[in-house]
Amino acid sequence: MADTAILEFEGKKIELPIVTGSEGEKALDISKLRANTGLITLDSGYMNTGACKSSITFLNGEEGILRYRGYPIDELAEKSTFLETAYLLIFGELPTSEQYADFKENITRHTMIHEDMRRFFDGFPKDAHPMAILSSAISVLSTFYQDTHDPQDEEAVRISIYRLIAKIPTIAAYAFKKSIGHPFVYPDNSLRYCSNFLHMMFSVPTEKYEVDPVLAKALDLLLILHADHEQNCSTSTMRIVGSSQANLFASTASGISALWGPLHGGANQAVIEMLRRIKDEGGDVSKFINMAKDKSSNFRLSGFGHRVYKNFDPRAKLIKKACDDVLEKTGKSNPLLDIAEEIEEIVLKDSYFVERKLYPNVDFYSGIIYSAIGIPVNMFTGMFTIGRLPGWIAQWTEMMKDPTLKIGRPRQVYTGENERHYVSMGER
Ligand code: CMC
């Protein structure tokens, strides 16, 4: 197999090295392209652009494969826990029992947020979107831990990692409590990660609250499935912000902002809103499917399609199963699930979706599980944030250790005016 490709341009032949990944995928190394030819590449949406080498997550969209550090997602979903998966992503190997105990202890000991930060929540309007609160609050954390900003200081980064993973559920739960006017509930360090989150979300000082282990387990699974997805929009944002040597809190806040968008993390909220709309407008599923196919409408079927998965999203299969388990256990029937299943059945046979390889993605069923757990719709993307955090951290720390790291700075093809001269206002 050739290890170079030849580019012919203006009568010159330029050799471009081929880089091969551990799963055999090939990339053209164009790092010397501009220096040798004056050319840059143009790739809207980065559809063909590899921005880094990474050993964290392998994804094969054609075959529906997702592996964290080599481990298939379905094995981790069945056998691991979110915190163990977080350890695997960040440190590269499954932990020994001592390593895991130490990691859990460190996460557990950092769940509280500074009392002064509680007052920070007072400043938001009652209906503030949790993603806005989350990204601001994570940025604010950097003001409380100013001695840990150096991205090259391993110990500072390590403690920032513990703080972030430990505090993000507390911040998310406080954002929810603020929105419904309930008192904030302190973390309970005797509980596991997801149980503690449910306790902070749903307990009130006046009543005893028992965490339902089935719901805590379903939540843990959802977090595992969201924990990393290689160079997606929020991860790439996190990397590009971090490439300027911005601290881990600032970089994470930027990742949260990127995740908020409805084409990325906001899709799980958009799915439930779409299902509700279909129900409220009489339940005519085919009307909405036709609208999604109609190019004159801007409507898309939320929860379908993926930039990388063009066969099926392996996470969607696991989530569908968890969804059935949770609804069976809670005994709640869910008309939105019925609509979702009807959509899926029709779409999988419809030539418009089949030809474009549009399958249910991770967000299609996750919202139904969140609803069954009692999580309000505007918190769904916040749940995705808690899940994705270890992946962002793993990608950010991998980048920081890369000796070839350069500040991220794409180029452009300028299409604006050529030089012209200033005309004073009265003469325009
Ligand atoms: N409903 C109807 N048509 C669609 C949909 C959809 N959900 N998704 C893609 N298409 C059509 C699109 O109109 C285009 O048609 P044509 O070739 O005739 O112009 C074709 O399929 C290709 O779409 P694209 O927008 O070029 O594909 P993309 O890879 O740029 O976009 C996507 C991927 C996920 C943004 C898109 O499929 C979408 O908008 N889906 C709905 C939003 C959603 O569920 N997002 C969650 C993604 S999974 C969570 C995550 O990882 O962030």
Side-chain angles (χ1 to χ4, degrees), residues 43-49 56-62 64-66 68 73 131 222-238 255-275 277-278 285-320 339-340 343-344 346-370 377 380-392 395:
D43 187 19
S44 174
Y46 308 116
M47 304 278 285
N48 309 283
T49 297
I56 300 169
T57 290
F58 175 66
L59 205 166
N60 179 326
E62 278 69 38
I65 296 172
L66 173 62
Y68 299 159
I73 190 66
M131 289 302 276
L222 284 175
L223 298 186
I224 292 175
L225 298 182
H226 282 93
D228 195 44
H229 214 228
E230 50 116 304
Q231 308 313 316
N232 54 83
C233 176
S234 54
T235 302
S236 301
T237 304
M238 174 98 183
I256 296 173
S257 298
L259 190 67
W260 190 1
L263 295 189
H264 189 15
N268 51 17
Q269 176 169 341
V271 170
I272 290 291
E273 284 165 355
M274 176 187 78
L275 296 177
R277 189 176 153 202
I278 297 175
V285 164
S286 49
K287 182 177 110 188
F288 285 84
I289 294 178
N290 287 336
M291 212 153 79
K293 290 160 36 174
D294 178 1
K295 294 292 167 196
S296 66
S297 102
N298 281 333
F299 181 78
R300 281 191 170 196
L301 271 191
S302 294
F304 280 83
H306 198 275
R307 170 57 62 81
V308 181
Y309 294 121
K310 301 298 179 193
N311 181 337
F312 65 93
D313 181 339
R315 302 166 302 171
K317 281 192 171 174
L318 297 160
I319 287 190
K320 172 74 169 64
I339 295 175
I343 296 178
E344 183 178 357
I346 298 176
V347 160
L348 292 182
K349 291 187 205 128
D350 187 307
S351 59
Y352 171 94
F353 294 91
V354 173
E355 277 160 18
R356 289 170 179 76
K357 300 184 194 297
L358 302 169
Y359 294 87
N361 59 46
V362 69
D363 290 318
F364 192 57
Y365 285 106
S366 62
I368 294 170
I369 305 186
Y370 289 140
V377 171
F380 288 1
T381 317
M383 304 309 302
F384 193 159
T385 307
I386 299 174
R388 185 53 55 88
L389 181 62
W392 287 337
Q395 301 273 349

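Index from 1, following the sequence. Both ligands and their constituent atoms are indexed starting at 1 by order of listing.
Atom 22 (C) of ligand 1 is not flagged as protein-proximal [any protein heavy atom, distance under 4.0 Å]. At least one protein heavy atom sits closer than 4.0 Å to atom 10 (N) of ligand 1.
Of the N and O atoms on the side chains of Tyr46 and Gln231, not one donor lies less than 3.5 Å from an acceptor on the other residue. Under the 3.5 Å distance criterion, with hydrogens and angles disregarded, no donor-acceptor pair is assigned to the side chains of Asp313 and Asn361.
Between Leu66 and Arg315 there is a side-chain heavy-atom pair separated by less than 4.5 Å. Contact of the Trp392 side chain with the Leu259 side chain is registered, since non-hydrogen atoms from C-beta on lie closer than 4.5 Å.
The protein heavy-atom contact nearest to atom 3 (N) of ligand 1 is Tyr352 OH, 2.9 Å. Among all protein heavy atoms, the one lying closest to atom 7 (N) of ligand 1 is Leu301 O, 2.8 Å. Nearest to atom 47 (C) of ligand 1 among the protein's heavy atoms is Asn361 ND2, 3.7 Å.
Taking a cut-off of under 4.0 Å to the non-hydrogen atoms of His264, the atoms of ligand 1 that pass are 50 (C), 52 (O). Atoms of ligand 1 lying under 4.0 Å from any heavy atom of Gly303, numbered from 1 in the order shown and given with element: 43 (C), 44 (O). Below 4.0 Å from some heavy atom of Gly305 lie the following atoms of ligand 1, by number and element: 34 (C), 37 (O).
Of the candidates Arg356, Arg300, His229, the one placing a heavy atom closest to atom 12 (C) of ligand 1 is Arg300. Comparing heavy-atom distances from atom 48 (S) of ligand 1 across Arg388, His306, Lys293 singles out His306 as nearest. Of the candidates Ala267, Gly61, Gly261, Ala292, Ala267 brings a heavy atom nearest to atom 43 (C) of ligand 1. Considering each of Tyr359, Phe364, Phe299, Phe304, the one bringing a non-hydrogen atom nearest atom 40 (N) of ligand 1 is Phe304. The residue from Met291, Arg307, Lys295, Lys310 that puts a heavy atom closest to atom 16 (P) of ligand 1 is Lys295.
Remark: side-chain polar atoms of Arg307 are paired, donor with acceptor, to backbone N or O of Gly45 under 3.5 angstrom.
In this structure, Asp228 CG and Phe58 CZ are separated by 14.0 Å, a value rounded to the nearest 0.5 Å. A distance of 3.5 Å separates OH in Tyr309 from CG in Leu59, rounded to the nearest 0.5 Å. Taken from NZ in Lys295 to OH in Tyr352, the straight-line distance is 3.0 Å, to the nearest 0.5 Å.
Contacts with ligand 1 closer than 4.0 Å are made by heavy atoms of both the backbone and the side chain of Leu263. Only the side chain of Asp363 comes within 4.0 Å of ligand 1, judged by heavy-atom distances.
Residue contact annotation: Leu358 has a non-hydrogen atom under 4.0 Å from ligand 1.
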- Query: Hey, mind stepping through Phe384 and His229 against ring pair (Phe, Tyr, Trp, His ring centres under 6.0 Å) and telling me if it holds?
  - Reply: CA-CA 12 Å; Phe384 193 159; His229 214 228; 8.9 Å; no
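The two residues Tyr359 and Leu348 have their closest heavy-atom pair at CD2-CD2, 3.8 Å.
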